[in-house]
There are 2 protein chains.
Amino acid sequence: MGFNARDYLESVSLDCVIFGFHNSQLKVLLLKMKYTHEWALPGGFVKQNETVEEAAARVLRERTSVGDIFLKQFRVFSDPERSKINPAVKDLIESGDHPDMEWFEKRFISIGMYALVDFTKVIAVPDYFSEEAVWKSLDEIGTLMLDHNLIVQKALNTLRLQISYQPIGYNLMPEKFTMPELQSLYETILGKTLDRRNFQRKILSFDILTKLPETKKGGAHKAPFLYEFNIENYKKALENGLYGGW
Amino acid sequence: MGFNARDYLESVSLDCVIFGFHNSQLKVLLLKMKYTHEWALPGGFVKQNETVEEAAARVLRERTSVGDIFLKQFRVFSDPERSKINPAVKDLIESGDHPDMEWFEKRFISIGMYALVDFTKVIAVPDYFSEEAVWKSLDEIGTLMLDHNLIVQKALNTLRLQISYQPIGYNLMPEKFTMPELQSLYETILGKTLDRRNFQRKILSFDILTKLPETKKGGAHKAPFLYEFNIENYKKALENGLYGGW
DNA sequence: CTATTATTGTGTCAAAATAACACATTAAAA
DNA sequence: TTTTAATGTGTTATTTTGACACAATAATAG
């Protein structure tokens, strides 16, 4: 694959916070960089004939092998100091062994994108600059490259805000799921527990779920019903929001 | 002042949708461009040592002579076709009479910012490229330059969304205002009328207003009380949102 | 100076939404 | 077959919302 700086728009990069949900934990896909071994968000640059969204979708497809993903800009990161790379990396670049990397010495603003994906469908693939691609739960994320910790934090804020006025779950849940599983997703994102019965009443009132006749057997105890999202209504709710407010 | 392309970050521009409120109308500050006489949003570029927010604040200060403004990124516009200027302008640039303007032939992604300002405090000032700066109410905006109509529309969407989960009004209203005036702002942004009594009850329940002992005399009929925002609570509400949702 | 007018201040009541809580049901495991 | 623990499905009190009515008053008209 390689990397040719001149294929891309200057000064602009993008970083993707890819959220997945597994074992009642919210996870983020991270890359371990070659040479420096720092952890970083999957990212990329915008090609000359691409929109930012298209560029992000390309990155996502390459890193997760999943297409059709929920993807959203949430903020531009533009602190002039943000792309100051660490001195060791700088030395490495200037040694001349890695000519491609001069590109990285320039200033970039980065467009923060967040994505919600079905954990079970992802095959994580490192990129040209990284040696490993790994899901990490939120509390396992240590110090990340550049300002990536800030980007993750802001993405999480956005997700928490979104959940209070838009539906969430499609793209994060498998196709069929149980009510307790969906509740667990909400609890994880919100960081608090919810009343089981009130949760069900409220989420059903949004009219975005279809109850299936099947139950999910195999777990101990009573078998919960399976649900799936009603895509049509879900998309409507995404556009119109869940609450009028006024 | 002039304009030196090399002072700025490449490929990145910003466009500001500056909202003001006057005579029960939401207004947007527009510039009439020299040479082409097209109407456009105030915009600018990011200097080498600036954040995007600082650049926008600088633009705002220069166009409105008001500092301390509510300012927020809301979206990046990155359609590769978006900066295709109209052919007449292109001819003008290529004629060589305006050497500065070659810069504008390149592709830019634009960061959409929206700002809320106190209409009464603004002194609108055109920039180096424009001959006139004028407030236009939403229905007076005709066809704007490039994709600026889209940018205005998306800014308005964002504002309408914001109003349903965050307080609005500080920076848009004068320091002291009456309840009917505030209601009028809400009605204008939402594009619908609200019940006077229910509006008052709800907005007071947010605990962001302080009722003053004075009334606003001078208008015919009963004199309405004056209110001001309780900044402390207002800012809390901005951060936390007005509704839990969950 | 008084009556009129239109707008504001304030309150009530029914309906809807929410929060708190309890008991019956059932798949798997003991 | 019994036990266990999680799920399905209410009920009730409280809070919030929506719809509405009447009293108070600053300016204006007569």
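For the numbers below, each heavy atom of this structure counts, side chains included, while hydrogens, waters and symmetry mates do not. Chain letters run A, B, ... following the sequence lines, proteins first and then strands; every chain starts at 1.
- Between the base of D/dG10 and the side chain of A/R201 there is no donor-acceptor pair shorter than 3.5 Å.
- Between the base of D/dG8 and the side chain of A/R196 there is a donor-acceptor pair shorter than 3.5 Å.
- Between the P atom of C/dG9 and the CZ atom of B/F199 lies a distance of 12 Å, rounded to the nearest Å.
- Residues A/Q183 and A/Q200 have side chains that never bring a donor and an acceptor to within less than 3.5 angstrom of each other.
- By the 6.0 Å and 45° rule, B/K211 stacks over the aromatic ring of B/F225.
- Checking A/N198 against A/R201 by side-chain atom types alone, a donor-acceptor pair falls below 3.5 Å.
- Nearest nucleotide to the side chain of A/F225, out of C/dG9, D/dG8, C/dA20: D/dG8.
- On a pure distance criterion of 3.5 Å, no polar donor-acceptor pair joins the side chain of A/R197 and the base of C/dA19.
- Among the nucleotides D/dA6, C/dG9, D/dC20, the one closest to any side-chain atom of B/N198 is D/dC20.
- The side chain of B/K211 approaches C/dT10 more closely than any other nucleotide in the set C/dT8, C/dA6, C/dT10.
- For B/W246 and C/dT18, the CH2 to C1' distance is 12 Å, given to the nearest whole Å.
- If you find the closest nucleotide of DNA chain C to A/T215 and to A/K202, the one lying nearer the 5' end belongs to A/K202.
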Chi angles and distances behind the side chain to side chain contact (heavy atoms under 4.5 Å, CB included) call for A/D15, A/H148: CA-CA 8 Å; A/D15 288 297; A/H148 289 193; 3.4 Å; yes
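- A/E181 places its CD atom 13 Å from the C1' atom of D/dA6, with the value rounded to the nearest Å.
- Here C/dT8 presents its C1' atom at 11 Å from CD of B/Q183, a figure rounded to the nearest Å.
- Nucleotide D/dA5 holds its P atom 21 Å from the NZ atom of A/K216, rounded to whole Å.
- A salt bridge between B/E38 and B/K32 is absent, with no side-chain N of the basic residue lying under 4.0 Å from a carboxylate O of the acidic one.
- For the pair A/D195 CG and C/dA17 C1', the interatomic distance rounds to 15 Å; values are reported in whole Å.
- If you measure from atom NZ of B/K217 to atom C1' of D/dA24, you get 13 Å, rounded to the nearest angstrom.
- The interatomic distance linking A/Y243 (OH) with D/dT16 (C1') rounds to 13 Å, in whole Å.
- The nucleotide whose nearest atom lies closest to any side-chain atom of A/H221 is, among D/dT4, D/dA26, D/dT7, D/dT4.
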